[in-house]
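For reference, the structure discussed in these notes is given below.
Below, chains carry the letters A, B, ... as their sequence lines are ordered, and counting in each starts from 1.
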2 protein chains.
Amino acid sequence: MSKGSNNKVKAVRVVVPDVTRNEESSRLGSGLSAGEARDLRESLSPEQRQQVETTVEELLSLLGSAHAIAVLSEFAFADGPLRFSELESSLDIAANTLSVRLRELTNAGLLVREEYNEVPPRVEYEPTAKAEQLFPAFGHFHVWAIDHELDGVDTDLSR
Amino acid sequence: MSKGSNNKVKAVRVVVPDVTRNEESSRLGSGLSAGEARDLRESLSPEQRQQVETTVEELLSLLGSAHAIAVLSEFAFADGPLRFSELESSLDIAANTLSVRLRELTNAGLLVREEYNEVPPRVEYEPTAKAEQLFPAFGHFHVWAIDHELDGVDTDLSR
DNA sequence: CAGAATCCCAATTGATACTG
DNA sequence: CAGTATCAATTGGGATTCTG
């Protein structure tokens, strides 16, 4: 997915018309069936579909990076903000990687970073509404994981 | 996420007890709220939580690989099986990469591969129930994507 | 405490060419 | 048609070291 750098997403951004948002506000939290999802998708123009597809890929690219969901899960299941060191100690993740991940999530508008001018310095992160509207999908994945377990994710390509 | 090879998942697999499945069958398709997800999570023992967490990571690692969701989306929005060449032409993906992706998804039990002994050879792929129970989450992501759009996924670390 | 800088290896992907 | 083999280029992430 080339998770990275050369995405000049902002430049390509396109406004998705209201056609798709006829019901006043957010349908988020709705567990769309496959059929409903198809209907929704088919209500989009090809360009819009491509846009949405791209955005979903970007999202999953973000979530696919090391520990990204783990980080977000911490926020999903904690209430209140979390500090860098809390995440670091509860997650078993290299500091620089955590740092990068937090910045990515913050840049993506999923976390907000609050810096306090104290000694020792304190920085807190908190999920945005945007992130919270993502959490139900996480819930779905968790339930799915409990029910199914992945079969053989060992990517042994030994046929 | 080191999406790969050294996952010896099968060896570590643990059976998740029925504690978590008191409601007879599948809760899949349920759009769990953040709070509900937390309740669900807290009903698990630490080891179970870890297991589920790991499975979710594996899943997202799988989905995070290049074009994986794109491939699955094709199945989600098509009815009936798809052929290698169909995917190849509609997806703009290198043949070898598509090949690997399809094998991974198949190994993960999300797709089934049917080979027909004909000339020219024909191979068809079809999503399993396991995959279909994943699709609602995709639907959620799509809706989310339409509603929000990702802010700045350009991973420019130029602060 | 909360990171940034640097180094470096492992893993991923696409291009190209070939095959049952 | 449905792949595989090989190669090259890029990236991603951890370890280590340093800093405001």
Side-chain angles (χ1 to χ4, degrees), chain A residues 1-7 57 60-71 81-107 111-126 153-159, chain B residues 1-7 57-58 60-71 81-107 111 113-126 153-159:
Chain A
M1 191 166 293
S2 75
K3 26 184 93 165
S5 27
N6 55 348
N7 305 357
E57 293 219 18
L60 284 188
S61 169
L62 192 61
L63 299 185
S65 301
H67 312 284
I69 2 87
V71 170
L82 294 172
R83 305 181 55 170
F84 187 93
S85 51
E86 293 182 282
L87 293 164
E88 188 178 10
S89 60
S90 65
L91 278 181
D92 181 45
I93 173 179
N96 46 2
T97 302
L98 176 59
S99 178
V100 172
R101 216 89 301 151
L102 287 172
R103 194 176 331 148
E104 289 171 352
L105 293 171
T106 302
N107 287 341
L111 296 179
V112 285
R113 197 187 105 112
E114 190 73 43
E115 190 174 353
Y116 299 89
N117 255 11
E118 306 174 354
V119 278
R122 177 165 58 107
V123 178
E124 293 185 341
Y125 295 87
E126 205 165 10
V153 195
D154 47 55
T155 323
D156 278 4
L157 302 193
S158 39
R159 265 235 52 86
Chain B
M1 187 169 287
S2 76
K3 29 183 90 162
S5 30
N6 54 350
N7 305 356
E57 295 219 17
E58 287 161 10
L60 284 188
S61 169
L62 192 62
L63 299 185
S65 302
H67 311 283
I69 1 86
V71 170
L82 294 172
R83 305 180 57 168
F84 188 93
S85 51
E86 292 183 284
L87 293 164
E88 189 179 10
S89 60
S90 66
L91 279 180
D92 181 45
I93 172 179
N96 45 4
T97 302
L98 175 59
S99 178
V100 172
R101 216 89 303 153
L102 286 172
R103 197 177 332 159
E104 289 171 352
L105 293 171
T106 302
N107 287 341
L111 295 179
R113 196 188 105 114
E114 189 73 43
E115 191 174 354
Y116 298 88
N117 255 9
E118 305 174 354
V119 277
R122 176 165 59 108
V123 178
E124 293 187 341
Y125 294 87
E126 205 165 10
V153 195
D154 47 55
T155 322
D156 278 5
L157 303 193
S158 39
R159 266 233 49 84

Quick one: [X] [atom1] to [N] [atom2], roughly how many Å, whole number?
{"X": "Leu102(B)", "N": "dT13(C)", "atom1": "CG", "atom2": "P", "value": "13 Å"}
{"X": "Glu104(A)", "N": "dG3(C)", "atom1": "CD", "atom2": "C1'", "value": "15 Å"}
{"X": "Glu115(B)", "N": "dC1(D)", "atom1": "CD", "atom2": "C1'", "value": "11 Å"}
{"X": "Leu62(A)", "N": "dT11(D)", "atom1": "CG", "atom2": "C1'", "value": "16 Å"}
{"X": "Leu98(A)", "N": "dA4(C)", "atom1": "CG", "atom2": "P", "value": "11 Å"}
{"X": "Arg122(B)", "N": "dA2(D)", "atom1": "CZ", "atom2": "C1'", "value": "13 Å"}
{"X": "Leu91(B)", "N": "dG3(D)", "atom1": "CG", "atom2": "C1'", "value": "16 Å"}
{"X": "Asn117(B)", "N": "dG3(D)", "atom1": "CG", "atom2": "P", "value": "13 Å"}

May I ask you to evaluate whether [X] reaches the phosphate of [N], defined as a side-chain N or O under 4.0 Å from OP1 or OP2?
{"X": "Ser85(B)", "N": "dC1(D)", "value": "no"}
{"X": "Arg83(A)", "N": "dA2(C)", "value": "yes"}
{"X": "His67(A)", "N": "dG13(D)", "value": "no"}
{"X": "Thr97(B)", "N": "dT13(C)", "value": "no"}
{"X": "Arg101(A)", "N": "dG13(D)", "value": "yes"}
{"X": "Ser99(B)", "N": "dG3(D)", "value": "no"}

Are side-chain heavy atoms of [X] and [Y] found at a separation under 4.5 Å?
{"X": "Glu57(B)", "Y": "Ile69(A)", "answer": "yes"}
{"X": "Leu87(B)", "Y": "Ile93(B)", "answer": "no"}
{"X": "Glu114(A)", "Y": "Pro81(A)", "answer": "no"}
{"X": "Arg113(A)", "Y": "Val123(A)", "answer": "yes"}

Between [options], which nucleotide gets closest to the side-chain atoms of [X]?
{"X": "Phe84(B)", "options": "dA15(D), dG14(C), dA2(D)", "answer": "dA2(D)"}
{"X": "Arg103(A)", "options": "dA15(D), dA2(C), dA4(C)", "answer": "dA4(C)"}
{"X": "Arg113(A)", "options": "dG3(C), dT4(D), dT13(C)", "answer": "dG3(C)"}

* To do: Could you tell me whether Glu86(B) and Arg83(B) have a side-chain N and a carboxylate O separated by less than 4.0 Å?
  =>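 Arg83(B) and Glu86(B): not salt-bridged.
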* Asked: Which residue lies toward the 5' end of DNA chain D, Asn96(A) or Pro121(B), if each is placed at its nearest nucleotide?
  ->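 The residue mapped nearer the 5' terminus is Pro121(B).
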* Describe the nucleic acid contact of Tyr125(B) in one word from base, sugar-phosphate, nothing, applying a heavy-atom distance below 4.0 Å. =>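 The answer is sugar-phosphate, as Tyr125(B) gets under 4.0 Å only of primed atoms, P, OP1 or OP2.
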